[in-house]
Number of protein chains: 2
Amino acid sequence: MAQKNKLQFIILGLLNQQPLTGYDLTKAFDSEIGEFWQAQHSQIYPQLKRLESQGYITHEITISGEKLEKKLYHITPTGQALVRDWITTGTPELTASKDEFILKLYFVQTNQDPRLPEMLTEQLQLHTEKLAHLKMRLKTVFPTVTAQKVHYGHYLILQHALGREQYYVEWLQQTLAALPTV
Amino acid sequence: MAQKNKLQFIILGLLNQQPLTGYDLTKAFDSEIGEFWQAQHSQIYPQLKRLESQGYITHEITISGEKLEKKLYHITPTGQALVRDWITTGTPELTASKDEFILKLYFVQTNQDPRLPEMLTEQLQLHTEKLAHLKMRLKTVFPTVTAQKVHYGHYLILQHALGREQYYVEWLQQTLAALPTV
DNA sequence: CCATCCATGTAAGGAGTTACATGATTGG
DNA sequence: CCAATCATGTAACTCCTTACATGGATGG
């Protein structure tokens, strides 16, 4: 029941690129991957155990410094097959998204509402900042066309996130501009 | 714990426009509102009870036909105050979104991958259909500029959803076009 | 008459968040 | 030395989905 466990595939996908620790995975979910999927470490560690018990991954213990143990997870051939299947299988359900702010706008009944300018301006600032941030990241991570080809998938999603944000900013600007002048 | 109950505000927002039954609310979540928030009836009915016990809404029983009882929910002044607060309070947390398909692309390591064309084409079709659907709805629901002003919030979100979809379609097209020719 | 929709609920379970808990390492 | 980060886990709780369950109304 409930929705299908997609987190497992994403973890496997990440481990398919290189061995990682739970901590590394957690970081991935709030940097690269974070634009399109989120997960906390409290969700990741148990999932790793489950994947290991199912034979999709194994771990190797490495020592950092004097005695800090790290579990470096590796994907197994079975795990690799699972990732391939997941990617190859179609994705017919357009993942539904939520946006609290847009809904608030929905409940504003008229374009005369005095709260609109500040509401839109706040979001414009937030999204403009995020856009700037994404632009910078794209520039630093993929300075050359060659780099884009080497980490193709990473380039694609960063660039998609940027375009999405760009749209949001432009929409906010247009909506603000279209408000009746007081 | 876990995230703040936003569903309650959305329900109150809807009831603030007009009295509705649980069934009506459920429908709203898979039509108008559905682009930006989703909820099933199994989540809505219990929430209505909670809101009523807290004094934010009341219900009135109406009879359809011979004996079918409907509960028509009305918002109370306290409920209205709560909606106002929710809307007026800033929305600094950009609701994180998920997109399974984009993640699959992330795991495709190179733009030479033979699976890419079909993957992108499938999504292009899905999103093109959705875009067409949204365009039609915008045209039928808001044929005139006057209609846009009367249901301003509704117009805003429909038009935002459309633009968002437009971007997605264009991005897919560009990404497809940029693939190396075989 | 019968399929589709209207209408309302509950149960079970997985997904996801926040908080609790602990300890080592590194760099300034 | 001390703050920030690395590193791993569990507990509690809410959110959300799927399934179970029931019955009336409507239109062709």
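Protein chains get the first letters and strands the later ones, always in sequence-line order, with residue 1 at the start of each.
Around atom CD of A:E170, more than 12 heavy atoms belonging to other residues, nucleotides or ligands sit under 6.0 Å away. Within a 6.0 Å sphere centred on NE2 of B:H151, heavy atoms belonging to other residues, nucleotides or ligands number 12 at most.
Within residues 22-38 of chain B, the residues having any heavy atom closer than 4.0 Å to DNA chain C are, in order of number, B:G22, B:Y23.
Among the heavy atoms of the strands lying under 4.0 Å from A:K67 are primed sugar atoms or P, OP1, OP2 only; no base atom is included. Across all strands, B:K6 comes closer than 4.0 Å to no nucleic acid atom at all (heavy-atom distances).
Of the two residues contacting DNA chain C, namely A:R50 and B:E69, the nearest-nucleotide position lying further toward the 5' end is that of B:E69. Nearest-nucleotide positions on DNA chain C place B:S64 closer to the 5' end than the other of A:E66 and B:S64. The residue among A:Q43 and A:K70 whose nearest nucleotide of DNA chain D is located toward the 5' end is A:K70.
Between the side chain of B:K71 and the backbone N or O of B:L20 there is no donor-acceptor pair closer than 3.5 Å. Not a single donor-acceptor pair under 3.5 Å links the side chain of A:E60 to the backbone N or O of A:K70.
Remark: A:T21 is in phosphate contact with D:dT8, judged by side-chain N or O atoms under 4.0 Å from OP1 or OP2. Contact check, A:K98 against C:dG16: no side-chain N or O comes under 4.0 Å of OP1 or OP2. Dashed line: the shortest gap from a side-chain N or O of B:Q40 to OP1 or OP2 of D:dT17 is under 4.0 Å.
You'll find the ring centres of B:H160 and B:F36 inside the 6.0 Å limit.
Taking atom OH of A:Y45 as the reference point, atom P of D:dA7 lies 8 Å away to the nearest angstrom. For A:L68 and D:dT8, the CG to P distance is 7 Å, given to the nearest whole Å. Between the CD atom of A:E93 and the P atom of D:dT17 there is a distance of 13 Å, rounded to whole Å. In this structure, the CD atom of A:Q8 is 15 Å from the C1' atom of C:dG16, given to the nearest Å. Separating the CG atom of B:L20 from the P atom of C:dA7 is a distance of 11 Å, rounded to the nearest angstrom. Rounded to a whole Å, the CD1 atom of A:I63 is 12 Å from the P atom of C:dT26. Across the protein-nucleic acid pair, A:N5 atom CG and C:dG13 atom P stand 17 Å apart, rounded to whole Å. Note: CD (A:Q47) to P (C:dT17) measures 14 Å, nearest angstrom.
A:E35 has a carboxylate O that lies under 4.0 Å from a charged side-chain N of A:R164, or vice versa, which qualifies the two as a salt bridge.
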Contacts under 3.5 angstrom, residues 10-18 of chain B side chains, donor-acceptor by atom type, not counting sequence neighbours:
residue: B:N16; atom: OD1; partner: B:Q80; partner atom: NE2; Å: 3.3

